[in-house]
There are 2 protein chains.
Amino acid sequence: MTQPAQDTRRPGRRTGDSGTREAILGAARKRFGDHGYAGATIRAIAADAGVDPALVHHFFGTKERLFAAAMRLPLIPGEVIGAALAPGARDPGLGLGEHLVRTALTAWDVAEVRDTFLGLLRSAVTSEQAATMLREFVTDSILGRIAEVASPAEAEYRAALVGSQVLGLALARYVLGLKPLATASTDDLAAAIGPTLERYLTGEVH
Amino acid sequence: MTQPAQDTRRPGRRTGDSGTREAILGAARKRFGDHGYAGATIRAIAADAGVDPALVHHFFGTKERLFAAAMRLPLIPGEVIGAALAPGARDPGLGLGEHLVRTALTAWDVAEVRDTFLGLLRSAVTSEQAATMLREFVTDSILGRIAEVASPAEAEYRAALVGSQVLGLALARYVLGLKPLATASTDDLAAAIGPTLERYLTGEVH
DNA sequence: GTCTATAATCGGATAGAC
DNA sequence: GTCTATCCGATTATAGAC
């Protein structure tokens, strides 16, 4: 990236890219795959890459961002959701559920986002390991944030219900291409599905 | 299956299995895969297998059952749904939505059913062709029946919404294994998700 | 045996020196 | 860019009271 086309080496530490970043990403991919998202520790990844754990943070900030970089996600899901859920981030006239549907659809309607997401989904459906990795990432990084805005009673259960509906929408709309859903507008889907999420978050689920 | 262990051949048509059934199933698998569910005609399948179309009906009854046999489904989804939706098939105290969730979960909690379903899903996520096949089958054979019990305004849209939530539940529960959903009881899930389906079927979706 | 309090450990994250 | 040192929250282990 920043590698200068410089051949005459001078003494001292080389400037620019030393390959460490890539080494970390490689180690991260392996660890995440082998041990899942939760089981892969920054310390172990750093050790595999032969660097100090603090370097990982220096390059990537958080574990979540490291995962996103390793998986080549064009955005950080948890941060997008987090921003969408932030107080004041949404039009007060709009329900929280509607806003969530809108956020998901807006992200997915970008081909690059959709493609990497579908790649993850494909792996998860195919491999048990990949499913574990995705489950733990989703739980930790997405559902965790959603649970924060749900009613405290069974917040995790509520967040998982939200996840199931959003996931199902993605599957029906982008994988299967079920016509009524594949061609529906964001507005229509938000109106239809938003209240469902709203109920899962704060309504009666027993 | 019905092949008698008989070695002394006698003149006339041989009894038992003549291989025709298998020939039809092979032709069906190929046609369904290449042309989708809707695009594969019984006549074309019969022609490929070198038999009369009437024979296909003789062996399998309906296109839906032929598909189920070709895909080795241990049950016929549309018929299970149809039975569940039949008037009087459910406890009048229970909502239709709850009953639908229950029906799906009861079917999926049988390993054999779950496995073949997940196989279809895997193919659909992996291959565009398989996705087309599954979409058309689901539309024709499952959503069509659900649309019949939905409010007439946008019945297809309503049925697709139902499909998306049920599909998402399957994905979250059986593929990802999201803990709150994977371990929840049928009762709990029916209570939580049933009302969603109910609203999609007959409520306000605009 | 069960419970609770305290301690040890782990893992993510930050600050700052070099 | 890299490392040392450190903090803090969460989990896990352990000890001692009842």
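Numbered from 1 within each chain, the chains take letters A, B, ... in sequence-line order.
Regarding Phe59(A), its CZ atom lies at a distance of 16 Å from the P atom of dT14(C), rounded to whole Å.
In this structure, Val110(B) and Leu75(B) have side chains that are not in contact, with every pair of non-hydrogen atoms separated by 4.5 Å or more. Using a 4.5 Å heavy-atom threshold, the side chains of Leu96(B) and Leu197(B) count as separate.
The neighbour count for Glu79(A) CD, taken as heavy atoms of other residues, nucleotides or ligands under 6.0 Å away, is above 12.
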Do any side-chain atoms of residues 168-182 of chain A form donor-acceptor pairs under 3.5 angstrom with protein atoms, and if so which ones, sequence neighbours left out?
from: Arg173(A); atom 1: NH1; to: Leu181(A); atom 2: O; distance (Å): 2.9
from: Arg173(A); atom 1: NH1; to: Ala184(A); atom 2: O; distance (Å): 2.9
from: Tyr174(A); atom 1: OH; to: Asp109(A); atom 2: OD1; distance (Å): 3.0

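Side-chain contact of Arg72(B) with Thr116(B): a donor-acceptor pair under 3.5 Å is absent, judged by distance alone.
Only Thr62(A), Lys63(A), listed by number, bring a heavy atom of residues 61-75 of chain A to less than 4.0 angstrom from any atom of DNA chain C. The stretch residues 130-145 of chain A has no heavy atom under 4.0 Å from DNA chain D, so no residue of it qualifies as close.
At dT14(C), none of the side-chain N or O atoms of His57(A) fall inside 4.0 Å of OP1 or OP2 (strictly under the cut-off). OP1 or OP2 of dT2(D) has at least one side-chain nitrogen or oxygen of Thr20(A) nearer than 4.0 Å.
Across all strands shown, Ala46(A) has no heavy atoms under 4.0 Å from either base or sugar-phosphate atoms.
With sequence neighbours left out, the side-chain hydrogen bond (donor to acceptor under 3.5 Å, both in side chains) criterion links His35(B) to Arg31(B). In this structure Ala68(A) satisfies the side chain to side chain contact (heavy atoms under 4.5 Å, CB included) test together with Leu73(A), Ile76(A), sequence neighbours excluded. Taking the side chain to side chain contact (heavy atoms under 4.5 Å, CB included) definition, one finds that Thr106(B) meets it with nothing, sequence neighbours left out. With sequence neighbours excluded, the residues satisfying ring-ring contact (aromatic ring centres under 6.0 Å, His included) with Phe137(A) are Tyr37(A), Phe67(A). Remark: Ser141(B) pairs with Glu64(B) by the side-chain hydrogen bond (donor to acceptor under 3.5 Å, both in side chains) rule, at least two apart or across chains. Looking at residues two or more places apart in sequence or on another chain, you find a side-chain hydrogen bond (donor to acceptor under 3.5 Å, both in side chains) between Arg102(A) and Asp187(A). Take Arg29(B) and apply the side-chain hydrogen bond (donor to acceptor under 3.5 Å, both in side chains) test, not counting sequence neighbours, and it matches no residue.
Arg90(B) and Glu98(B) are not joined by a salt bridge, as no carboxylate oxygen comes within less than 4.0 angstrom of a charged side-chain nitrogen.
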Can you pull every protein N or O that's under 3.5 Å from an N or O on nucleotides 3-12 of chain D?
from: dC3(D); atom 1: OP2; to: Asp52(A); atom 2: N; distance (Å): 3.2

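Among the duplex regions that DNA chain C forms, those built from at least three successive Watson-Crick or G-U pairs under 3.5 Å are C:1-18 with D:1-18, ordered by first number.
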